[in-house]
Amino acid sequence: MADTPLLKVEDLCTHYHLPQGTVRAVDGASLSVKPGQTVGIVGESGCGKSVMLRSILRIVPRPGRIESGRILYARADGQVTDLAALDQDGRAARAIRGAEISMIFQEPMTSLSPVHTIGDQIGEALILHRDLSRKAARAETVAALDRVAMPRAERIVDMYPHEISGGMRQRAMIAMALCCGPRLLMADEPTTALDVTTQAQILALMRRLQEEDGMAIVFVTHDLGVVAQMTEFVVIMYLGRVVETGPVRDIYYRPKHPYTHALLHSIPKLGQRRAGARLQSVKGGLPDPYLTMTGCPFAPRCPHNDGDRCEREAPALRSVGAAQEVRCHYAERLDLQGVRKAVTA
Ligand SMILES: Nc1ncnc2c1ncn2[C@@H]1O[C@H](COP(=O)(O)OP(=O)(O)OP(=O)(O)O)[C@@H](O)[C@H]1O
């Protein structure tokens, strides 16, 4: 039963049709999340991580649109719902969003309302999804804030987001996301905007809450150090596609895709962060997002590009180990070096 996916995304395409052309933000991506599992989605800025999460939650802003694919979500009663087929603003999507599946964002200021108190915002979710009275919702809100170790929860409940620190805002957003007991939490770079100490506290908090509640987490980040600390399974995305997936150890120690290899070797060595060293980025830039690529999308930046098949034929995602999959024609013969120590923070 535990092996039955809670979420199964199949060949999802979410595109933005703009006057300049079409951005294939998510372009045939698939992933699977088991109950209670933590899956990390990693990739450079612009590779479709956020659009993937927004597609699952059905909050893709126009002119973005799910073009094709399925998002199969197993509800608590065992029924499987294709979220991609729901009306984004309809009752069914709203009943799942914020209750069974919720999300936390990189910058709470953009998702918390500046004109409502923290208590009103968490209380509204409780009233909407759990049908609580205002009084009961307030008591639950204080309890929810206590749970995320918010100092002086009874006072914070009446404060506005701008009156508290960034770390406290992130705690408030986590409290809001978890107050209805979701089965799946999606976290979009929840610690990127925080200082290193606060980041460590928030990650520890998320781990504790997951142990207590047993929810699954899809964790988006471009920080492979955070992935190593937080996740069991990794999905590497490039230009809207999944180029490699596997258990965290396989991905770190035995990467099979040249892009994964390049990402791993862009992690600063231990100590470099503290010295203020900048993250070395992967060589070359992302191509124009309006471009339709033939061949392997990574070919223009790939040191192993054969100048022939790689340029002509887009590789399919295929199995290269018990649980590892890769989208590269030459995965087996490249003998890419992994990293010996995954955790950097
Ligand atoms: N509202 C929008 N209108 C047009 N294009 C968009 C919109 N939102 C995202 N995109 C495009 O979709 C692609 C994927 O963006 P997405 O935000 O998912 O990337 P990401 O991997 O999450 O990046 P980051 O790490 O910077 O958040 C990018 O090319 C981006 O420019």
Side-chain angles (χ1 to χ4, degrees), residues 7 9 11-31 33 39-69 71 83-84 88-89 101 103-111 166 170 173 185-194 199 202-203 217-227 230-231 234-245 251 257 259-260 262-264 266-267 278-282 284-293 297-298 300-301 327:
L7 181 79
V9 177
D11 278 328
L12 183 70
C13 290
T14 304
H15 296 173
Y16 285 87
H17 298 281
L18 305 168
Q20 310 87 298
T22 298
V23 177
R24 292 172 171 75
V26 175
D27 198 21
S30 302
L31 65 87
V33 184
V39 172
I41 305 183
V42 187
E44 287 164 290
S45 189
C47 69
K49 307 181 296 293
S50 300
V51 175
M52 172 76 116
L53 293 198
R54 286 182 155 77
S55 302
I56 295 167
L57 204 60
R58 299 306 313 275
I59 53 166
V60 173
R62 282 175 227 293
R65 203 173 65 193
I66 293 180
E67 300 289 334
S68 58
I71 303 171
L83 303 179
Q88 178 148 321
D89 305 312
I101 306 179
M103 184 155 168
I104 53 178
F105 299 86
Q106 176 175 342
E107 179 38 79
M109 269 317 241
T110 55
S111 49
Q170 200 53 285
M173 194 157 63
L185 173 70
M186 296 196 292
D188 193 355
E189 309 217 20
T191 58
T192 307
L194 304 172
Q199 171 172 336
I202 295 290
L203 293 178
I217 301 181
V218 177
F219 199 107
V220 158
T221 177
H222 53 249
D223 187 332
L224 278 157
V226 169
V227 170
M230 293 296 292
T231 73
V234 186
V235 172
I236 309 282
M237 280 188 78
Y238 186 73
L239 282 186
R241 277 164 243 200
V242 172
V243 296
E244 184 161 8
T245 68
I251 296 288
H257 196 287
Y259 181 59
T260 312
L263 282 178
L264 285 170
S266 72
I267 303 178
R278 292 194 51 173
L279 239 173
Q280 224 189 308
S281 58
V282 177
L286 281 174
D288 184 336
Y290 302 109
L291 216 65
T292 309
M293 313 267 300
F298 190 58
R301 301 169 78 184
R327 204 185 271 274

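Counting convention: from 1, in listed order, for ligands and their atoms alike. Computed from heavy atoms alone, side chains included, the values below leave out hydrogens, waters and symmetry copies.
Within the 4.0 Å cut-off (strictly below), a protein heavy atom is located near atom 4 (C) of ligand 1.
Two residues are said to be in side-chain contact when any heavy atoms from C-beta on lie closer than 4.5 Å; I66 and Q88 fail this criterion. The closest side-chain heavy-atom distance from T231 to V39 is not below 4.5 Å.
Counting only heavy atoms of the protein, atom 23 (O) of ligand 1 lies nearest to G46 N, 2.8 Å. When hydrogens are left out, the protein atom nearest atom 30 (C) of ligand 1 is V23 CG1, 4.7 Å; that is the closest non-hydrogen contact. Of all protein heavy atoms, the one closest to atom 25 (O) of ligand 1 is K49 NZ, 3.0 Å. In this structure, atom 17 (O) of ligand 1 lies nearest to the protein heavy atom S50 CB, 3.7 Å. Nearest to atom 2 (C) of ligand 1 among the protein's heavy atoms is Y16 CE2, 3.3 Å.
Side-chain atoms of E67 do not come within 3.5 Å of backbone N or O of L12 as any donor-acceptor pair.
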- Task: Could you walk me through whether F298 and V243 pass the side chain to side chain contact (heavy atoms under 4.5 Å, CB included) test, one step at a time?
- Result: CA-CA 9 Å; F298 190 58; V243 296; 6.0 Å; no
- Item | side chain to side chain contact (heavy atoms under 4.5 Å, CB included) between F105 and M173, intermediate numbers included | CA-CA 8 Å; F105 299 86; M173 194 157 63; 4.1 Å; yes
- Query: Could you go step by step and tell me if V227 and I251 meet the side chain to side chain contact (heavy atoms under 4.5 Å, CB included) rule?
  - Reply: CA-CA 11 Å; V227 170; I251 296 288; over 6 Å; no
- Does the pair K49 and D223 meet the rule for a salt bridge (Lys or Arg N to Asp or Glu O under 4.0 Å), with working shown? CA-CA 13 Å; K49 307 181 296 293; D223 187 332; over 6 Å; no
- Any chance you could lay out the side chain to side chain contact (heavy atoms under 4.5 Å, CB included) test for F219 and L203, step after step, and finish with the verdict? CA-CA 11 Å; F219 199 107; L203 293 178; 3.7 Å; yes
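Contact atoms of ligand 1 toward S45: 23 (O), 24 (P), 25 (O), 26 (O) (distance under 4.0 Å to a heavy atom of the residue). Counting atoms of ligand 1 from 1 in the listed order, those under 4.0 Å from a heavy atom of E189 are 25 (O). The distance from ligand 1 to the heavy atoms of E44 drops below 4.0 Å at these ligand atoms: 21 (O).
Between L18 and ligand 1, no pair of N/O atoms sits closer than 3.5 Å.
Of the candidates V51, T14, T192, it is V51 that places a heavy atom closest to atom 18 (O) of ligand 1. Relative to atom 12 (O) of ligand 1, the option among C47, G43, S55, A25 with the closest non-hydrogen atom is A25.
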